[in-house]
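Ligands are counted one by one from 1 in listed order, and the atoms in each one are counted from 1 as well.
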Amino acid sequence: MKATVFVLAAFAPMVLTQSTLCGQYDHFSANGYDFNNNNWGKGSATSGSQCTYVQSTSTSGVGWRTTWAWAGGQDKVKSYAYSGRQIEKKPVSQYKSLQTKTQWSYNNTNIRANVAYDLFTAADVNHDTSSGDYELMVWLGKFGDISPIGKSQGQVNVAGTNWELFYGPNGQMQVYSFVAPNAMTSFNSNLKDFFDYLTKNKAFPASTQNLITYQFGTEPFTGDKTTLSVTQWSAEAS
Ligand SMILES: *[C@@H]1O[C@H](CO)[C@@H](O)[C@H](O)[C@H]1NC(C)=O
């Protein structure tokens, strides 16, 4: 009996967690990737909490998950828990490729939240990384009656998908958000194509705007306890 118990324990499935981030700005870095629980907007909630769990990191990609529940502050973002790629900051025009790949799922989609890339650019290469002169968002998922900053500019085709493009200001920052027609839970694309689209069609100044962040995560507004699992995320910048 004793031996059996020992064998079962040895083969019990293990969920390895490299780091648990529950504080407002708890963060972790490894293998060229950063993670942040980033509960920047939690003050607008009447209740709730969020923790982010880093599960695996290697130079070829990362796995992580974040669990949250937020109530109140209906149209306010509570957080942006993310995985980020550490990059050499330089003008967007000098990147040949911003190839990235992900697989993700939400275990409860009766929520109001997005799943999105967030990239800031700034003329000043030393600009604070919590904002920029421009923000490029690529929404792979949109759950509930939420929408990006600004107004719809209609459908645009980039990297083989018809996205709805939104544009508007957030303070001093100009925000472009490409929203997927349906949740894209598997995604493998070159984000340089989105900057090329903006350069060609929206006069985005790619030769003077430095890429300062390269992140992927989720912006919850409200919802009961739910988990975003990012089984795989990798991002290259060259
Ligand atoms: C989603 O997963 C979390 C734990 O990670 C759990 O607490 C929650 O109940 C799950 N939600 C659903 C709808 O299964």
Self-check item: Atom indices of ligand 1 within 4.0 angstrom of T67 heavy atoms, with elements
Solution: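 The list of qualifying atoms is 5 (O).
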
Check this for me: D124, atom CG, are more than 12 non-hydrogen atoms of other residues, nucleotides or ligands nearer than 6.0 Å? yes

task: Before accepting this row, confirm whether a basic side-chain N of the pair D34/R85 lies closer than 4.0 Å to the acidic partner's carboxylate O.
output: no

For K192, is there an ion pair with D196 - N to carboxylate O distance below 4.0 angstrom?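 Answer for the salt bridge query: yes.
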
Distance to 0.1 Å, residue and atom name: give those for the protein heavy atom nearest to [atom].
atom: atom 10 (C) of ligand 1; result: N107 ND2, 2.5 Å
atom: atom 9 (O) of ligand 1; result: K225 O, 4.5 Å
atom: atom 13 (C) of ligand 1; result: N108 CB, 3.6 Å
atom: atom 4 (C) of ligand 1; result: T227 OG1, 3.5 Å

Quick one: are the ring centres of W233 and Y33 less than 6.0 Å apart? yes

Is it possible for you to check whether K151 lies under 6.0 Å from the centre of the six-membered ring of Y167, through NZ or CZ, and within 45° of that ring's axis?
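Negative - K151 is either too far from the ring of Y167 or too far off its axis.
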
Nitrogen or oxygen atoms of T226 and ligand 1 under 3.5 Å apart: no

